[in-house]
Number of protein chains: 2
Amino acid sequence: METGIANLLGALSLAVMDRIEQGAREVIGRGGETPAALVVIGYGQGMTNDKLRRILGLSHSGTVRLVDRLVSDRLVERRPGKDGREIALYLTEAGAATRNELMSSRISAVGSLLDVLSPAETKRLATLIHDLLARQDTSELDRFTICRMCDDSVCTNCPLPTTKGKRAR
Amino acid sequence: METGIANLLGALSLAVMDRIEQGAREVIGRGGETPAALVVIGYGQGMTNDKLRRILGLSHSGTVRLVDRLVSDRLVERRPGKDGREIALYLTEAGAATRNELMSSRISAVGSLLDVLSPAETKRLATLIHDLLARQDTSELDRFTICRMCDDSVCTNCPLPTTKGKRAR
DNA sequence: ACCAGATATGTGCGCCACGCACATATTTGG
DNA sequence: CCAAATATGTGCGTGGCGCACATATCTGGT
């Protein structure tokens, strides 16, 4: 029962997320799932409200209001979707720029914690975290949720399994 | 520039905190800094409002309202402090029990992510995170902030540097 | 002894973020 | 063809937090 490592990882994760959140708040002035929403919307073009809701783990109305805020901030546009029921969310030019700021702020926030490690240690840590993530039993939705802040220009080879044949609903 | 590891650690930290927060919400039905406040108040007897504010990184009024909620939930008591200006925050019996639930929920949430690693991998990861934390340039306040969810019965030997002699029990 | 400043707590007010219940519009299937 | 499923939007309330202000107590210099 090695709980010491669980405690250490919990503390580190808290420190990491504190720094990420602080940076995000400086970039967009909003907290909660708002920064993640901007990243997710920029991930694939044509994101719908409902997909976004599931990825962020919010209620439906919470997601609508979140998008309302992004629209009123001129970061996101609502366009008609393929299906007459759906809407398609697109980043504005300002939205895409803000999204890039968000992601680079996140990378540098985490990097400032990591740079106390030697190159060899960094490589070992990367391998361990890579394997840890690769062995999780994640559905495709889980993967999007975990990666909802990820910089897709940096994480070119996501270790998370996507083929864990699970269909929600 | 090795930013891939930063992205991986960011994703892992997000996954860890999602699970911790979900568990905490199930235990106390409240989110934000409320669970951390309960842990911190239970850490050392006689916590003041102002110390708590600094550790949680909240505004003064936000802290007062947070304590109001904990008091109305019968988890915390306000007592007169040593100094006539201060108040001393104490856990009620129910508060102490809830705090233990919170911490064990946290440990098991993180543990469920970790148990895909072999014992040898776990040990290597523990060493790396331990060193990573030990080399951070943290003030004593930073240490309390990072450890604001820590289970002091598990983390008997906190690696974070302290400027002044620190007591843990 | 006195008073200005520092320290610590509480309050009025407002905003952001979110959920629940409900309403509306479109597609799908028997 | 119509009921159910799907997807979005709204009214309303609450939790969580910050800013500005008010109040009470302690501290130090004169």
Side-chain angles (χ1 to χ4, degrees), chain A residues 17-18 21-22 24-38 40-41 46-73 75-90 141 145 148-149 167-169, chain B residues 17-18 21-22 24-38 40-41 46-73 75-90 141 145 148:
Chain A
M17 292 310 297
D18 278 353
E21 235 184 279
Q22 181 183 357
R25 203 171 275 275
E26 284 168 10
V27 171
I28 54 173
R30 298 187 185 272
E33 295 296 328
T34 304
L38 205 60
V40 170
I41 292 170
M47 174 64 56
T48 70
N49 207 332
D50 195 60
K51 273 189 205 167
L52 184 62
R53 175 187 82 76
R54 279 194 266 260
I55 293 171
L56 300 182
L58 295 180
S59 71
H60 160 61
S61 63
T63 307
V64 174
R65 300 287 149 74
L66 196 166
V67 173
D68 285 346
R69 291 192 292 274
L70 291 175
V71 169
S72 76
D73 287 350
L75 300 174
V76 166
E77 286 178 0
R78 283 187 173 104
R79 300 188 195 161
K82 300 165 188 172
D83 194 309
R85 296 168 292 186
E86 295 181 349
I87 59 169
L89 299 173
Y90 285 89
L141 175 59
T145 298
R148 68 189 189 273
M149 294 286 290
R167 303 300 294 166
R169 180 68 39 115
Chain B
M17 292 311 296
D18 278 354
E21 234 182 280
Q22 180 182 357
R25 205 171 274 273
E26 284 167 10
V27 171
I28 55 173
R30 299 185 184 276
E33 295 296 329
T34 305
L38 205 59
V40 170
I41 291 170
M47 175 64 56
T48 70
N49 207 330
D50 194 61
K51 274 189 205 168
L52 183 62
R53 174 188 83 75
R54 280 193 267 259
I55 293 171
L56 300 182
L58 296 181
S59 71
H60 159 62
S61 64
T63 308
V64 173
R65 299 288 147 75
L66 196 167
V67 173
D68 284 347
R69 291 192 294 273
L70 290 175
V71 170
S72 75
D73 287 349
L75 300 175
V76 166
E77 287 178 0
R78 284 187 173 105
R79 300 186 195 164
K82 300 167 189 173
D83 193 308
R85 296 166 293 184
E86 295 181 351
I87 59 168
L89 300 172
Y90 285 89
L141 175 59
T145 298
R148 69 189 187 274

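Chain A is the first sequence line, chain B the second, and so forth, proteins listed ahead of strands; every chain is numbered from 1. Please read these numbers as outputs of a predicted model, since none were measured by experiment.
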A:Val64 to A:Arg78 - nearest heavy-atom pair and separation: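 That would be O-NH2, 3.3 Å.
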
From [options], nucleotide with atom closest to [X] side chain:
{"X": "B:Arg65", "options": "C:dT9, C:dG12, D:dT8", "value": "C:dG12"}
{"X": "A:Val64", "options": "D:dG9, C:dA6, D:dT6", "value": "D:dG9"}
{"X": "B:Ile87", "options": "C:dT9, D:dG9, D:dT25", "value": "C:dT9"}
{"X": "B:Ser61", "options": "C:dT9, D:dT8, D:dC19", "value": "D:dC19"}

Polar pair under 3.5 Å, donor/acceptor by atom type, side chain A:Ser59, base C:dC18: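 Result: no qualifying N/O pair found.
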
Base of D:dG18 paired with side chain of B:His60 (donor-acceptor, under 3.5 Å):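 There is none.
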
Sugar-phosphate only, base, or nothing, as touched by A:Asp83 at under 4.0 Å among non-hydrogen atoms: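 Result for A:Asp83 = sugar-phosphate.
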
Sugar-phosphate, base or nothing in reach of A:Thr63, heavy atoms under 4.0 Å: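 No contact.
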
What's the [atom1]-[atom2] distance between [X] and [N], to the nearest Å?
{"X": "B:Arg54", "N": "C:dT7", "atom1": "CZ", "atom2": "P", "result": "9 Å"}
{"X": "B:Glu86", "N": "D:dC26", "atom1": "CD", "atom2": "C1'", "result": "10 Å"}
{"X": "A:Arg85", "N": "D:dA7", "atom1": "CZ", "atom2": "P", "result": "6 Å"}
{"X": "B:Asn49", "N": "C:dT9", "atom1": "CG", "atom2": "C1'", "result": "6 Å"}
{"X": "A:Arg53", "N": "C:dC18", "atom1": "CZ", "atom2": "P", "result": "14 Å"}
{"X": "A:Arg69", "N": "D:dG9", "atom1": "CZ", "atom2": "C1'", "result": "15 Å"}
{"X": "B:Arg79", "N": "C:dT9", "atom1": "CZ", "atom2": "P", "result": "16 Å"}

Less than 4.5 Å apart, side chain to side chain, heavy atoms only: is that true for [X] and [Y]?
{"X": "B:Leu89", "Y": "B:Thr48", "answer": "no"}
{"X": "B:Ile28", "Y": "B:Asp73", "answer": "no"}
{"X": "A:Leu52", "Y": "A:Arg148", "answer": "no"}

Close residues, residues 25-34 of chain A, relative to DNA chain C [heavy-atom separation under 4.0 Å]: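 Correct list: A:Arg30, A:Gly31, A:Gly32, A:Glu33.
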
Residue closer to the 5' end of DNA chain C, A:Lys82 versus A:Leu58 (nearest nucleotide):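 Taking each residue's closest nucleotide, the earlier one in sequence belongs to A:Leu58.
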
